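Right, one structure below, let's go through it.
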Amino acid sequence: MRYWLMKSEPDEVSFDDALAAPGQTVPWFGVRNYQARNFMRDAMQPGDGVLFYHSSCFDPGVAGIAEVASLPYPDETQFDQHSKYHDPKATREQPRWISVDVRALEKGRYLPLAEMRTIPELEGMVLLQKGSRLSITPVTLAEWNAILKLVRGAPQMGA
DNA sequence: GCCAACGTTGGC
DNA sequence: GCCAACGTTGGC
């Protein structure tokens with residue numbers, strides 16, 4: 001079991017949108033970076049923990065807890081000429097970009113990026129490194145636990 | 001809107 | 001395969 005932080009622009013798909021979706025599940029489309037794609041393709045497993053992060057908005061931060069809810073599959077938007085994610089070099093036979101489904105699980109307290117920067121346990125997070133802009137980044141168990149504690153506003157039992 | 005940082009493209 | 005030019009991300 002691994003843990004991930006996945007960035008979404010809330011104008012496009014917010015955590016509330018995911019909560020309201022059928023099965024509380026949304027396809028994670030539009031990833032157009034090879035490193036992020038490879039994480040989905042090679043390392044993600046159904047059941048992995050996901051921090052649903054809101055980016056490019058007034059107050060960026062972790063908006064909720066989610067999980068990976070599918071194996072990787074071709075991202076439909078690469079084939080759609082009317083999508084801003086259309087990739088003319090992608091074909092059905094040889095897709096370039098993939099999606100996974102993400103299921104929203106738990107909406108806790110909103111955890112702003114600015115607050116994350118003040119938490120010593122989170123100092124090493126890939127997200128917080130200078131120049132880091134990957135839309136999908138691995139999260140360590142220690143970081144995951146620290147964030148869950150903050151999001152739930154109370155110490156976590158067990159584990 | 002600015003701009004630092006990073007990724008991609010394409011000529012050579 | 002180098003690397004300059006260009007494009008994108010995303011916090012501020």
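In the text below, chain A, chain B and the rest are named by the order of the sequence lines, each starting its count at 1. Keep in mind the model is a prediction, meaning the values are calculated, not measured.
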Write down the distance between [atom1] ([X]) and [atom2] ([N]), rounded to a whole number of angstrom.
X: A:L134; N: C:dT9; atom1: CG; atom2: P; value: 12 Å
X: A:R37; N: C:dT8; atom1: CZ; atom2: P; value: 19 Å
X: A:D87; N: C:dT8; atom1: CG; atom2: P; value: 13 Å
X: A:E9; N: C:dG10; atom1: CD; atom2: P; value: 7 Å
X: A:R32; N: C:dT8; atom1: CZ; atom2: P; value: 13 Å
X: A:Q129; N: C:dG10; atom1: CD; atom2: P; value: 15 Å
X: A:I136; N: C:dT9; atom1: CD1; atom2: C1'; value: 14 Å
X: A:L5; N: C:dG11; atom1: CG; atom2: P; value: 10 Å

Open item on the list: OP1 or OP2 of C:dG11 versus the side-chain N and O atoms of A:Y53: is any pair under 4.0 Å?
Closed with: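 Answer is yes, contact under 4.0 Å.
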
TODO: Answer yes or no: does a side-chain N or O of A:R117 lie under 4.0 Å from OP1 or OP2 of C:dC12?
DONE: yes

TODO: Check if the side chain of A:R133 and the base of C:dT8 share a donor-acceptor pair of N or O atoms closer than 3.5 Å.
DONE: yes

- [ ] For the pair A:E115 and A:R109, find out whether any cationic side-chain nitrogen is under 4.0 Å from an anionic carboxylate oxygen.
- [x] yes

Task: salt_bridge(A:D75, A:R96) N-O dist < 4.0 Å - done: no

Would you mind telling me which of [options] lies closest to the side-chain atoms of [X]?
X: A:Q35; options: B:dG7, C:dG11, B:dA5; answer: B:dG7
X: A:K130; options: B:dA4, C:dG10, B:dT8; answer: B:dA4
X: A:P60; options: B:dA4, C:dG11, C:dG7; answer: C:dG11
X: A:K7; options: B:dT9, C:dG11, C:dG10; answer: C:dG10
X: A:K89; options: B:dT9, C:dG11, B:dA5; answer: B:dT9

Task: Test of ring centre spacing under 6.0 Å for A:F79 and A:W97 - done: no

Open item on the list: Here's a test for you: under ring pair (Phe, Tyr, Trp, His ring centres under 6.0 Å), which of A:F39, A:F52, A:Y53 qualifies with A:W4?
Closed with: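 Among the candidates, only A:F39 passes.
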
TODO: Pick base, sugar-phosphate or nothing for A:F58, based on heavy-atom distances below 4.0 Å to the nucleic acid.
DONE: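 Here A:F58 touches no strand at all.
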
Task: Side chain proximity check, A:E123 to A:L128, heavy atoms < 4.5 angstrom - done: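 Counting from C-beta outward, A:E123 and A:L128 never come under 4.5 Å.
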
